[in-house]
Amino acid sequence: MSVLKLKNSYTRQIEVFEPLFPGRALMYSCGPTVYSFAHIGNFRSFLFSDVLRRVLERNGYEVRHVMNITDVGHMTEDHLADAQGEDKLAKAARELGSDPFKVAQHFEKAFVEDARALRLKLYLGGEAAEPGQHPRATEHIPEMLAMIQKLLERGYAYIDSAGQVYFEVAKFPEYGQLSGKKVEELEAGARVEVREEKKAPEDFALWKVDAKHLMQWDPHSEKGWRPEDWKRYRELAPGGVDARVRPGFPGWHIECSAMSRAHLGATIDIHTGGEDNMFPHHECEIAQSYGAYGFTVPGPHGAADEHHARKTFARYWLHGRHLLVDNRKMSKRDGTFFTARDLFNPAFNGRADLAARLEALGFKGGRVLPAVLRYALISNQYTQPMNFTLDLLAQAKASVERIQRCFERLREIVGPATDADIEGPAGDRMLSLVDAQERAFDDALNDNLNMPNALAAVFKAVSELNSMELGKAEAVEGLRLLESFDEVLDVLDRRERSGLLTRQEIDARLERPLPEFESLAAAEMDALSVAGFVALRQAARKAKDFKRGDAIRDGLKARGVLIEDTSQGVRWKLE
RNA sequence: GGUGGCGUAGCCAAGUGGUUAGGCAACGGUUUGCAAAACCGUCACACGCGGGUUCGAAUCCCGCCGCCACCUCCA
């Protein structure tokens, strides 16, 4: 198997991935801010990190992946480099008429639902239950305060007269290295407002004081704290934070530094996020972590070897490019803003026009299956901007269905066979196909997650499998190959929800009564009734009454059941 | 204004010096009562424009044009 190479934003080079600890990969991804429903751009970024962790796993690494939930601290009216402005959660709370913690809970729950639907591994299986894998900012105030105290003690931060804490950027000359920004240019841009209390305009808030803010923590009193948090705070910072720091809330960037350290340790292998995170968020994370824990300063761009030889905060920085809709930044006004759930069920989410457009593109009921959205969002390389269109979704649907049909055909060939039924080993042509395409798939993904090339291998395999006459042993190998691809893609529907009806089954079904066809709603379509109508249609066809046969087929199609006649019998499946 | 990036056939999208991906759509054929699926074929001697380097350029260099993002919370 080829070696995994990733593009490190910090060095701007494609580098061989070498973890800090052999066989393990520690990975942190900047997660969602839960003040509204996550949109498809957010999910493209999260899915990029999901594909990366799955590729790491294929390379044999034991992956520990952490993605935070930001439920405090991001502003809406933030033209400033400090934490002026109303908290987004507070704003959502005001609009929804409830308290900000409830709003965060509400949208976090929605996020988890969407994340599961889109098969984010972090939210599937055992990991879903591990809070350390998706830590909440509000539950890590102790870690943040302890870090702020360290920054104060080490001289990287200062306190203003209001009791707020700022990071002093001048103390960290490497600030700007990740994003390629120069502090002088930031000042020249005049978009960083000068605040009297700050020593320099580029200094950023670590702790903010604002009485109007709804989420508050008093660093000097137990009141209002969750008991376990207060206890941990006293353990992490026995003397507490500097007495001049007043009650308030954390700044924008400190949470990720504090939480990645708490759950992954001082040095992590990979830090991912959207390209917009590069500056200032990740730049500030580097500055804070360096200041608080005294890592060796990362080397300059191009000095990859030196950089890796040293102990640092994050060894590889990976950034996903943004998603555009119709070649523009998503815009609610232009109707190009989509949350995941808008696409899953537009009509239910009050977007009848979107439902109609999707229906016209062949989406049954105007609904996009999560697997189709997942495929669409992972189908190009993360280093390229993605231009999302509804047409792209339609193409993704066709692609997923092509893979799915191949999978179902193989499964039919294998049938309920046990090992004893399978004769001999698969043929050489099959074995070399499996070997070559699995390798091509891995090579492409190991080449900085080149998904288009990986998908080329998938479709090459699908074409060949479709054109081969397969015995059970071959089909088993083919299934294994598709399931191997699906460890990364995760778009196959493996449920038994359709199948081939044999002549005997159809005849047997004809003997039993059927519900009234015209009155049967789509939702009532189950395997039994479908089998019944298939039987009716077959009887009509046998009698050469093709008009009636086609009418039944059309009626079933209108209810989301597709009929296919094959040489072995009649196949049906849900659309 | 500063920084980074993009422009490849009807659409999406790999490919960074020489046999050239893959998917979708459309069309033709095989198959089918008709479809669907599948297979075969066509569209495809494609690479924003103009110069240059080279035996050879989508790929390297120079100059344009168009588009996007970031520089401010944002995936």
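Throughout, protein chains are lettered first and strands after them, A, B, ... in sequence-line order, and every chain is numbered starting at 1.
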Is there a side-chain contact between A:Arg402 and the phosphate of B:rA38, meaning an N or O under 4.0 Å from OP1 or OP2?
yes
B:rU59 versus B:rU8 - spacing of their P atoms, nearest Å
14 Å
Rounded to whole angstroms, how far apart are CD on A:Glu469 and P on B:rA38?
16 Å
Students often get this wrong, so: under 4.0 angstrom with heavy atoms, is A:Gly320 touching a base, only sugar-phosphate, or nothing?
nothing
Check A:Glu113 with A:Arg341, please: is the shortest side-chain N to carboxylate O separation under 4.0 Å?
yes
Whole-Å distance, A:Glu564 CD to B:rA36 C1', equals 5 Å
Please report the distance separating the P of B:rU42 from the corresponding atom of B:rU53, rounded so that it comes out in whole Å.
38 Å
Which sits closer to the 5' end of RNA chain B, A:Phe546 or A:Arg321, going by the nucleotide each is nearest to?
A:Arg321
Nucleotide-resolved protein contact map, nucleotides 13-18 of chain B, B/S/- at heavy-atom distance under 4.0 Å:
SSS---
For A:Tyr375 and A:Asp550, take the nucleotide of RNA chain B holding the closest heavy atom to each; which residue's nucleotide lies nearer the 5' end?
A:Tyr375
Complement of B:rU19, any strand, by Watson-Crick or G-U distances under 3.5 angstrom
none
How far does the C1' atom of B:rG23 sit from the matching atom of B:rC60, given to the nearest Å?
31 Å
Could you tell me whether A:Asp490 and A:Arg54 have a side-chain N and a carboxylate O separated by less than 4.0 Å?
yes
Counting only Watson-Crick or G-U wobble pairs whose two distances fall under 3.5 Å, which nucleotide matches B:rA26?
B:rU42
Is A:Glu359 paired with A:Lys364 through a side-chain N to carboxylate O contact shorter than 4.0 Å?
no
ring-ring contact (aromatic ring centres under 6.0 Å, His included), that's the test. Do A:Phe111 and A:Tyr123 meet it? Break it down for me.
CA-CA 10 Å; A:Phe111 174 76; A:Tyr123 284 95; 5.7 Å; yes
Between atom NZ in A:Lys544 and atom C1' in B:rC34, what is the gap in whole Å?
12 Å
In short, A:Leu482 meets A:Leu492 closest at the heavy-atom pair O-CD1, 4.1 Å
Minimum-distance pair of heavy atoms, taken over all atoms of A:Ser467 and A:Arg429:
OG-NH2, 4.4 Å
Base-pairing assignment for B:rG66 (Watson-Crick or G-U wobble, both under 3.5 Å):
B:rC6
State whether A:Arg439 and A:Asp435 are salt-bridged, where the test is any N-O pair (Lys NZ or Arg NE/NH1/NH2 against Asp/Glu carboxylate O) under 4.0 Å.
yes
In whole Å, what separates the P atom of B:rA21 from that of B:rC45?
10 Å
Taking only side-chain N and O atoms of A:Arg405, does any of them lie within less than 4.0 angstrom of OP1 or OP2 on B:rA38?
yes
Gap in Å between the two C1' atoms, one belonging to B:rC55 and one to B:rG7, rounded:
29 Å
Please find the pair of heavy atoms, one from A:Thr272 and one from A:Met27, that lie closest to each other, and give the distance.
CG2-CE, 4.3 Å
Of the nucleotides B:rG2, B:rA21, B:rA75, which one has an atom closest to the side chain of A:Lys181?
B:rG2
Between B:rA36 atom C1' and A:Gln404 atom CD, what is the distance in whole Å?
16 Å
Nucleotide nearest A:His281 when distance is taken to its side chain, options B:rC74, B:rA38, B:rA75:
B:rC74
Is A:Thr272 touching bases, backbone alone, or none of the nucleic acid, heavy atoms closer than 4.0 Å?
nothing
Looking only at atom P, what distance separates B:rU32 and B:rG22, rounded to whole Å?
29 Å
Have a look at A:Pro280 and say if it touches a base, only the backbone sugar-phosphate, or nothing, with a 4.0 Å heavy-atom cut-off.
sugar-phosphate
Give the rounded distance in Å between these two atoms: NZ of A:Lys397 and C1' of B:rC11.
17 Å
Tell me which nucleotide among B:rC11, B:rC34, B:rC70 gets nearest to the side chain of A:Arg541.
B:rC34
Does A:Lys460 have a side-chain nitrogen or oxygen under 4.0 Å from the phosphate oxygens OP1 or OP2 of B:rG23?
no
Atom C1', compared across B:rC39 and B:rC11: separation rounded to whole Å:
24 Å
Take atom CG of A:Asp565 and atom P of B:rA35, then tell me their distance rounded to the nearest Å.
12 Å
What is the distance, to the nearest angstrom, from the CD atom on A:Glu464 to the P atom on B:rG22?
12 Å
From the options A:Trp207, A:Phe204, A:Phe279, select the one residue that forms a ring-ring contact (aromatic ring centres under 6.0 Å, His included) with A:His253.
A:Phe204
Please work out if A:His319 contacts a base, only the sugar-phosphate, or nothing of the nucleic acid, heavy-atom cut-off 4.0 Å.
nothing
Looking only at B:rC24, B:rG4, B:rC70, the nucleotide nearest the A:His322 side chain is B:rC70
What does A:Arg548 touch in the nucleic acid at a heavy-atom separation under 4.0 angstrom: a base, only the sugar-phosphate, or nothing?
nothing
Testing B:rA75, B:rC24, B:rC39 for proximity to the side chain of A:Asn466, the answer is B:rC39
Rounded to whole Å, how long is the line connecting atom CG of A:Asp276 with atom P of B:rC71?
7 Å
What integer number of Å spans the P atoms of B:rU16 and B:rU30?
41 Å
Name the closest nucleotide to the A:Gln395 side chain, picking from B:rA25, B:rA75, B:rC11.
B:rC11
Looking at A:Arg537 and A:Asp550, is there a salt bridge between them, counting it only when a charged N and a carboxylate O are closer than 4.0 Å?
no
Any N/O donor-acceptor pair, A:Arg553 side-chain to B:rA35 base, under 3.5 Å
yes
